[in-house]
Amino acid sequence: MDFVSKPKQTLSVVDGVSIIVGMVVGVGIFKTPSIVASSVNSKETLILLWLLGGVASFIGALCYAELASAHPHAGGDYHYLQKAFGNIPSFLYAWARITVIQTGSIAMVGFIIGDYASGMISLGPYSASLYAAFSIILLTSVNIAGIKQGKWTQKMFVVLIMIGLFIVMVIGFFIGAPQEVGRTERIISKTAWGKAMIFVLLTYGGWNEASFLSAEVRSVRRNMVRVLIYSIGIVMLIYLLINMALLRILGVSGMAASGAVMADLMYNTFGLQGTRFISLLILLAALSTLNAAIITGARTSYALGRDYSLLNIFGRWEGKRNTPVNALLLQGCIALLLVILGAGTRDGFVTMVEYTAPVFWLFSLMVGTSIFILRYKKPVVSRPFSVHFYPLTPFFFCSVCAFMLYSSLMYTGRGSLIGIGVLITGIPFMIINRMCIKDETKELK
């Protein structure tokens, strides 16, 4: 194989945007509108929450744009944490991403695919797990074939999803008949707003994966900002229009009472065929998110393999395919092990959410903090893009991450303890690696 020392800059702005939009516009938007609606009592408040979620994500994207343009690297967050905090926190982040965050997210989306696919054709008592495993194997194989195959698969998914969501919007605004749903006066507490924002921000989640593409985007110091801003802008527009269409047909009370708002909208207009259309659209959204997660996730394993001798087999970049083949294989194997773990629980999806959430928000908070540290430690580094209204902007982003970390610890079950436990197992591995380095140094002397 033709192994090269670093990735090639082959991704255009459109490629980057398609990967990130495909990552963000996943299955969440098909479920969370009803959860958010149950926490408000007016249309205006509902739209405001989705707008605030978009603004918070936009501010986070500006923070990431500064980091990615000043320090482009395939390791993304791992690289920023290494520069800001040193080797120990960065190693633990990469370890967590390989064993908890990204692989857990891949398994989680795999279970969503399995749940919906099993509703069409069941494969028995472990149907969801079998579909999840097959999806992971299939899309990992596509990306092992090369980044060209991976990005074109992603573009295909995104185009189909956009067409499907556009159809839903048109039906909601122009075709569907508003339901006569009696308005129910509900007393909404401040904590309900906080819970609603958790789900809004979870639905917007995934845009930060752009940082792992920074070594492969053409003219990265200029185009990385565009990838992030365009992606968030497109996602925010989609989410606002979808919620406005749902409000027109179902109203706040109807959305709050529905377990599947888009399915209800389509069923009321086209019956069972409309429901099947939504199920297919959800499957496409899940596949798109899964493919994007596989693309960006393997970049961390590659970066870690470049820095640590025990993992150097994963720090190889296959030149002709322009992709980290060994890192993709490692990621796929761990994700499949997590699918097996989830198969033994009552709800594999919920288990994976609990498994990943606290660890994810902990390191997101540290990445936000790294903006302050790197400005102090490296004041003369070229920053093609500097976040506006510093230090208020990164402080706001860090506050959101801290809130989400607190919430994920308060509202998750034992799955979160398993995730934290797996994170801690990275410590002895790091110690072993240091001992090996010392032994190698002695031999050289």
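In this text the structure is predicted, and so the values were computed from the model without any measurement. Quick note: numbers below take in every heavy atom, side chains included, and nothing from hydrogens, waters or symmetry partners.
Remark: side-chain polar atoms of Ser12 are paired, donor with acceptor, to backbone N or O of Asp15 under 3.5 angstrom. With hydrogens and angles disregarded, no donor-acceptor distance shorter than 3.5 Å links the side chain of Asn322 to the backbone of Ile147. Judged purely by atom type and a 3.5 angstrom limit, Ser364 has no side-chain atom pairing as donor or acceptor with the backbone of Trp361. With hydrogens and angles disregarded, no donor-acceptor distance shorter than 3.5 Å links the side chain of Thr103 to the backbone of Gln331. No donor-acceptor pair under 3.5 Å is formed between the side chain of Asn223 and the backbone N or O of Val13. The backbone N or O of Gly22 lies less than 3.5 Å from a partner atom in the side chain of Thr289, making a donor-acceptor pair. In this structure, Gln102 contributes its side chain and Ala293 its backbone to a donor-acceptor pair below 3.5 Å. Arg276 places no side-chain N or O within 3.5 Å of a backbone atom of Leu272 that could act as its donor or acceptor partner.
Pairing each heavy atom of Ile29 with each of Thr203, the nearest pair is N-CG2, 3.6 Å. Taking all atoms of both residues into account, the shortest heavy-atom contact from Gly53 to Tyr204 is C-CE1, 3.5 Å.
Side chains of Ser90 and Asn87: no donor on one and acceptor on the other come within 3.5 Å.
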request  = Would you check, one step at a time, whether the test side chain to side chain donor-acceptor pair (under 3.5 Å) holds for Asn291 with Ser288?
outcome  = CA-CA 5 Å; Asn291 188 61; Ser288 173; over 6 Å; no
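Taking the six-membered ring for Trp and thresholds of 30 and 60 degrees, Trp50 and Tyr239 have ring planes more than 60 degrees apart, a perpendicular arrangement.
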